[in-house]
Peer 1: 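Let me give you the structure first, and then I'll get to my questions.
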Amino acid sequence: MKTKFSYIFRLVCSKCGNVHDPATLQTYCFSCNAPLVADYDLEVVKNILKRDDVAARPSGMWRWHELLPINKPEFVITLGEGDTPLLPLPRLGKHLGMTGIMVKDESINPTGSFKARGLAAAISKAGELGVQRVIVPTAGNAGGAMAAYAARAGMQALVVMPADTPRANVLECRITGAMVELVDGLISDAAALVKERVKTEGWFDVSTFKEPYRLEGKKVMGFEICQQFNWDVPDVILYPTGGGTGLVGIHKAILELQELGWLKTKKMPRIVAVQSTGCAPVVRAFDTGQETCTFYEGARTLASGLRVPRSFADRMILQTIRKTNGTAVAVTDEEILTAQRLWAEKEGMFVAPEGAATLAGLIQLHDTGWIQAQDKVVLLNTATGLKYLDIL
């Protein structure tokens, strides 16, 4: 059988189920204002690809190309993203009285954050479909990643971010040639300006979940975690949740691997959304049994990636937490800073505030007994702390 580079065959609306064509440029389902999700022909993939084949390939995100959306390899835009380490945290574990804490350390990705994964996929697919001008509203790291991959692809880039975004994020966008506009307010205010620019100037918007493919890049974190667990899964995954792409993506990845028959278990990790008490729309919706979030007024936190008053994929985030018997917790900025320092002192890792929030969330859930001492727990560190020097 002649094999293909990608086995994507349709896009499905996450709310109404309507099918959309991935061979044409897509954004989201306009009829119900919901994200589109990529489907792959997993029955065919099961017959032509084995998990050991993937493991034997050169390292990087694109070793999983059959399960990524780019149809022709010449359109892949890469800076070496993916295959980040899953590191044990024994000294933190001993301090907390736990035996199985690990971190998926995304800080070593290009541009210093996990955003490289999603933007690598989104920019690659946009280029394959003929896009030349891309725009994004961002709290910081997504802008830097988009600017870098757009430069690599030879595209024009416009990044719109709050004026108080960490200075490192602003500088990395500008040095890679992107135009940068700073707005007074939050990422929601940046998104409103992006929406207007898209309408009047014809930019292609690669906002979180406003196109289908950032999710596909982020899901590879889930593939890697399972491979690093010797084709098994941890008991709990804690994810710092702003837009929530990776939270939804990791769940999607595990479901795909289960359907392929590559995992030793049908067990699903309990997935935890960690937010700041200063911006906790998912926690509030989860605690009150809501299917969607309401806009979080007065959002304020030093963890800029968590300062998202409402995610476009709020329904998907809440469904993922509930389907996996997970939960949602909020931690204070003080707890984030304490956890960041504890992590650095115990393990020598300078993690981003968003990453530190997962440790603060772990401490909270361990104290209440929701997480047990023997549980295998994966924390997601999303970026390097070096990007936040002006805030810290």
Side-chain angles (χ1 to χ4, degrees), residues 87 89 91-93 95-96 98 101-107 112-115 138-142 161-162 164-169 186-187 236-247 271-284 286-287 296 298-311 317 321 326-368 370-371 377-392:
L87 300 172
L89 300 172
R91 297 190 73 241
L92 265 178
H95 178 79
L96 298 176
M98 300 187 67
I101 311 174
M102 290 152 276
V103 58
K104 182 67 169 164
D105 185 15
E106 292 292 295
S107 69
S113 89
F114 68 159
K115 298 291 185 181
T138 176
N141 284 316
M161 52 177 60
D164 61 353
T165 296
R167 188 163 174 260
N169 297 128
L186 305 172
I187 192 172
V236 182
I237 297 174
L238 288 97
Y239 191 90
T241 306
T245 319
L247 182 147
I271 297 180
V272 179
V274 181
Q275 298 196 299
S276 164
T277 53
C279 185
V282 171
V283 177
R284 183 170 64 188
F286 179 81
D287 287 346
Y296 203 92
R300 185 179 181 86
T301 173
L302 61 82
S304 56
L306 300 183
R307 198 173 56 185
V308 179
R310 183 181 181 184
S311 170
I317 294 167
I321 297 168
T327 191
V329 296
V331 296
T332 66
D333 280 1
E334 182 180 358
E335 288 172 321
I336 290 172
L337 291 174
T338 299
Q340 186 184 44
R341 180 172 292 278
L342 177 66
W343 199 329
E345 290 177 348
K346 294 296 183 184
E347 302 288 357
M349 298 178 65
F350 186 11
V351 302
E354 295 84 359
T358 66
L359 176 56
L362 169 63
I363 292 169
Q364 183 182 129
L365 292 172
H366 183 235
D367 286 347
T368 64
W370 194 90
I371 291 177
V377 180
V378 172
L379 309 178
L380 261 293
N381 175 42
T382 52
T384 172
L386 292 171
K387 287 195 168 190
Y388 299 82
L389 297 181
D390 54 327
I391 289 177
L392 299 175

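When a residue number appears, it is its place in the shown sequence, counting from 1. Keep in mind that what you see is a predicted model, and the values were worked out from it rather than measured. The analysis underlying the following values was restricted to heavy atoms, covering all of them including side chains, and did not include hydrogens, waters or symmetry mates.
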Peer 1: Taking the side chain as every heavy atom from C-beta outward, state whether Asn141 and Asn169 have any pair of such atoms under 4.5 Å apart.
Peer 2: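 Asn141 vs Asn169: side chains touch.
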Peer 1: May I have the list of side-chain donor-acceptor pairs in residues 346-365 shorter than 3.5 Å, sequence neighbours left out?
Peer 2:
from, atom 1, to, atom 2, distance (Å)
Glu347, OE2, Arg91, N, 2.8
Glu347, OE2, Leu92, N, 2.9
Glu354, OE1, Tyr388, OH, 2.8
Glu354, OE2, Ser304, N, 3.3
Glu354, OE2, Gly305, N, 2.7
Glu354, OE2, Tyr388, OH, 3.2
Thr358, OG1, Gly355, O, 2.6
Gln364, NE2, Ala330, O, 3.2

Peer 1: For the residue pair Leu389 and Pro166, establish whether any side-chain heavy-atom pair is separated by less than 4.5 Å.
Peer 2: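 Result no, sub-4.5 Å side-chain heavy-atom pair not found.
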Peer 1: So, for Leu238 and Pro240, which heavy atoms are closest and what is the spacing to 0.1 Å?
Peer 2: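 Heavy atoms of Leu238 and Pro240 come nearest at O-CD, 4.2 Å.
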Peer 1: Please report the interatomic distance OG1(Thr301) to CD1(Ile336), rounded to the nearest 0.5 Å.
Peer 2: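 Atom-to-atom, Thr301:OG1 and Ile336:CD1 are 4.5 Å apart.
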Peer 1: Apply side-chain contact (heavy atoms from CB on, under 4.5 Å) to residues Met98 and Ile371 and explain how you reach the verdict.
Peer 2: CA-CA 10 Å; Met98 300 187 67; Ile371 291 177; 3.5 Å; yes
Peer 1: Is it the case that the side chain of Asp390 and the backbone of Arg167 share a donor-acceptor pair, with hydrogens and angles ignored and the cut-off at 3.5 Å?
Peer 2: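 Indeed, once roles are kept as given, a pair shorter than 3.5 Å links the two residues.
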Peer 1: Give a yes or no on whether the backbone of Ile271 and the side-chain of Tyr239 come within a donor-acceptor separation of less than 3.5 Å.
Peer 2: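 The answer is no, because no donor-acceptor pair under 3.5 Å joins these two groups.
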Peer 1: Provide the closest heavy-atom pair for Ser311 versus Gly242 in the form atom of the first, atom of the second, distance.
Peer 2: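 Looks like CB-O, 3.7 Å.
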Peer 1: State, yes or no, whether a side-chain contact exists between Pro281 and Gln275 at a heavy-atom distance under 4.5 Å.
Peer 2: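 Yes - at least one pair of side-chain heavy atoms lies under 4.5 Å apart.
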Peer 1: Passes side-chain contact (heavy atoms from CB on, under 4.5 Å), Trp370 versus Val272? Steps please.
Peer 2: CA-CA 11 Å; Trp370 194 90; Val272 179; 3.6 Å; yes
Peer 1: To the closest 0.5 Å, what do you measure between CG (Asp105) and CG (Leu89)?
Peer 2: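 Asp105 atom CG to Leu89 atom CG measures 9.5 Å (nearest 0.5 Å).
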Peer 1: Going by the rule side chain to side chain contact (heavy atoms under 4.5 Å, CB included), which residues pair with Ala273 if we only count those two or more places apart in sequence or in a different chain?
Peer 2: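 Residues passing side chain to side chain contact (heavy atoms under 4.5 Å, CB included) with Ala273: Thr241, Leu247, Val282, Ile321, Ala328.
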Peer 1: Pick from Leu379, Ile101, Val377: which one makes a side-chain contact (heavy atoms from CB on, under 4.5 Å) with Val236?
Peer 2: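 Among Leu379, Ile101, Val377, the one that satisfies the side-chain contact (heavy atoms from CB on, under 4.5 Å) with Val236 is Val377.
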Peer 1: For Leu96 and His366, work out which heavy atoms get closest and say how close.
Peer 2: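 Reported closest heavy-atom pair: O-CE1, 3.1 Å.
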Peer 1: Measuring from atom CZ of Arg300 to atom CG of Leu186, what distance do you get when rounded to the nearest 0.5 angstrom?
Peer 2: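 Answer for the CZ-CG pair, Arg300 versus Leu186, is 10.0 Å.
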Peer 1: Using the salt bridge (Lys or Arg N to Asp or Glu O under 4.0 Å) rule, collect all pairs that involve residues 301-311, keeping only residues at least two apart or in two chains.
Peer 2: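 Of all non-adjacent pairs touching residues 301-311, those that pass salt bridge (Lys or Arg N to Asp or Glu O under 4.0 Å) are Asp164-Arg307, Arg310-Asp314.
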Peer 1: Quick one: does Thr165's side chain get under 4.5 Å of Thr138's, heavy atoms only?
Peer 2: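 No - every pair of side-chain heavy atoms lies 4.5 Å or more apart.
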